[in-house]
Number of protein chains: 2
Amino acid sequence: MVDETTKNFPTNKEIPSLLRNRGIFPTRQRVRVAQEMLCRPQHVTADQLFMAVNAKHPAVARATVYNTLSIFVNAGLVSVLTMPDGGTVYYDSSVHHHAHIFDEESGELMDVDADVFSLAQHVALPDDAEVTGVDLVVRVRRKTTG
Amino acid sequence: MVDETTKNFPTNKEIPSLLRNRGIFPTRQRVRVAQEMLCRPQHVTADQLFMAVNAKHPAVARATVYNTLSIFVNAGLVSVLTMPDGGTVYYDSSVHHHAHIFDEESGELMDVDADVFSLAQHVALPDDAEVTGVDLVVRVRRKTTG
DNA sequence: GGACTGTTTTAGATCTGGTCTAAATCCAAT
DNA sequence: ATTGGATTTAGACCAGATCTAAAACAGTCC
């Protein structure tokens, strides 16, 4: 279901040049946050990331994590999403256009490859509207695992 | 685009019986909140509603507005949605399954009739997953009005 | 090197949306 | 009128996120 081939996650070593390529000066803090955020597929809150980054020893201040995350969002390195209900903000290390499945019981959030843009074609839009993004969350309940 | 015929919004006078039909005791406060929330198509935050209800004179406490809204959500009288980015929680007076268009420039949120459930069929789901809800937001920019 | 400049980070204060609590009020049934 | 359960209230509280002003850091020029 999830097609990892559509995105290659960088290794820790690749992070500094990756940031530089995006015009982001790779400070120690930014590199640490990026390594924790970008190197695997995941959906985390800013606070989870803050704790992960500082797990072993204090490394990066809270404000820096928040700032850095929005720098990454602007640079297109991570995407943002929130649960349709609830309002918790998650950061997603996958930026290609994809949909999400939300398991209502476990609260788990999964990526699904789906051409959400072509799905959106089936929605009647105003003539002058240019689509800039499509967010699709399918909420499910597992019949067996319930 | 928006098809008002798919939902009839109640009049102020109909609110008490509407609540009673749903098993909600129609207190003065609940009726006030319902009148402000349910009688027309809209997307509002809890706080906007709180202020609207108390615009002329203090009428309902903040906590009551929040409690009442979640009672209405549980009863299926209103639906909840959050902006994929941002995390602001909106309450929607339309409960039939529909999609949303979000104008990135104006911040305006509009209903669109679309069979989101059948759209979700095109997404590859786990075998044992039963769809309980589909949230679709198409973000747009207006070419002319920009 | 050392002084200067702009950028980044920091700790902690602050803001904000939302929930909790314990007391007061309401309402229906006796 | 009194009782008892449901509802509402004001204000305290909480968590996530942002703001602030000071300190640390790079890079440049002498």
Side-chain angles (χ1 to χ4, degrees), chain A residues 15-17 19-20 22-37 43-54 57-75 77-92 107 109, chain B residues 15-17 19-20 22-37 43-54 57-75 77-92 107 109:
Chain A
I15 288 293
S17 57
L19 294 184
R20 232 183 289 265
R22 301 297 184 112
I24 301 169
F25 188 87
T27 64
R28 177 178 64 76
Q29 292 86 340
R30 257 113 90 144
V31 170
R32 273 300 290 119
V33 172
Q35 286 174 340
E36 205 63 52
M37 181 76 229
H43 310 93
V44 291
T45 66
D47 220 60
Q48 285 167 353
L49 195 64
F50 170 64
M51 296 202 286
V53 163
N54 292 327
H57 53 92
V60 183
R62 175 182 299 278
T64 304
V65 172
Y66 280 90
N67 290 341
T68 303
L69 277 173
S70 45
I71 290 172
F72 289 176
V73 170
N74 289 337
L77 286 171
V78 312
S79 51
V80 188
L81 82 145
T82 66
M83 276 312 90
D85 27 17
T88 322
V89 176
Y90 287 89
Y91 293 86
D92 185 342
L109 196 53
Chain B
I15 288 293
S17 57
L19 294 183
R20 232 182 289 267
R22 301 297 185 111
I24 301 170
F25 188 87
T27 64
R28 177 179 64 78
Q29 292 86 341
R30 257 115 87 145
V31 170
R32 274 299 290 119
V33 172
Q35 286 174 341
E36 205 63 52
M37 181 76 229
H43 310 90
V44 291
T45 66
D47 221 60
Q48 286 168 353
L49 195 64
F50 170 64
M51 295 201 287
V53 162
N54 291 327
H57 53 93
V60 183
R62 174 183 299 277
T64 305
V65 172
Y66 279 90
N67 289 342
T68 303
L69 276 173
S70 46
I71 289 172
F72 289 175
V73 170
N74 290 337
L77 286 171
V78 312
S79 51
V80 187
L81 84 145
T82 66
M83 276 310 89
D85 28 15
T88 322
V89 176
Y90 287 91
Y91 293 86
D92 186 342
L109 197 53

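Throughout, a chain's letter reflects where its sequence line sits, starting with A, and its residues are numbered from 1. In this text the structure is predicted, and so the values were computed from the model without any measurement.
The backbone N or O of B:Ala59 sits less than 3.5 Å from a side-chain atom of B:Arg28, completing a donor-acceptor pair. Between the A:Arg30 side chain and the A:Phe25 main chain, a donor and an acceptor come within less than 3.5 Å of each other.
Within the nucleic acid shown, A:Thr64 comes within 4.0 Å of at least one base atom, counting heavy atoms only.
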For A:Leu77 and A:Ile24, run side chain to side chain contact (heavy atoms under 4.5 Å, CB included): C-alpha distance rounded to whole Å, both residues' side-chain angles, the deciding distance at 0.1 Å, then the answer.
CA-CA 11 Å; A:Leu77 286 171; A:Ile24 301 169; 3.9 Å; yes
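Remark: C1' of D:dG16 and CG of A:Leu49 are 15 Å apart, rounded to the nearest angstrom. B:Arg20 places its CZ atom 12 Å from the C1' atom of C:dC27, with the value rounded to the nearest Å. Atom CZ of A:Phe72 and atom C1' of C:dT8 are 13 Å apart (whole Å). Regarding A:Asp47, its CG atom lies at a distance of 16 Å from the P atom of D:dC14, rounded to whole Å. We find that OH of A:Tyr90 is positioned 16 Å from C1' of D:dA17, with the value rounded to whole Å. D:dG16 atom P lies 16 Å from atom CE of A:Met83, rounded to whole Å. Computed from coordinates, the A:Phe50 CZ to C:dT9 P distance equals 14 Å when rounded to whole Å.
The side chain of B:Arg28 has D:dT9 as its nearest neighbour among D:dT9, C:dA11, C:dG18. In the set C:dA11, D:dG16, D:dA26, the nucleotide with an atom closest to the side chain of A:Phe25 is D:dA26. Taking the side chain of B:Thr27 as heavy atoms from C-beta on, and the options D:dT8, C:dT10, C:dC20, the nearest nucleotide is D:dT8. Of the candidate nucleotides D:dA17, C:dT10, D:dA10, C:dT10 has the atom lying nearest to any side-chain atom of A:Ala61.
Comparing B:Arg62 and B:Arg30 against DNA chain D, the residue whose closest nucleotide sits nearer the 5' end is B:Arg30.
In this structure, A:Gln29 does not reach the D:dC25 phosphate: none of its side-chain N or O atoms is under 4.0 Å from OP1 or OP2. OP1 and OP2 of C:dT19 both lie 4.0 Å or more from every side-chain N or O belonging to B:Tyr66. An OP1 or OP2 oxygen of C:dG17 is reached within less than 4.0 angstrom by no side-chain nitrogen or oxygen of B:Thr88.
Looking at B:Val80 and B:Leu69, their side chains never come closer than 4.5 Å, going by heavy atoms from C-beta outward. For the pair A:Tyr66/A:Leu49, no side-chain contact is recorded, criterion being any heavy-atom separation below 4.5 Å from C-beta on.
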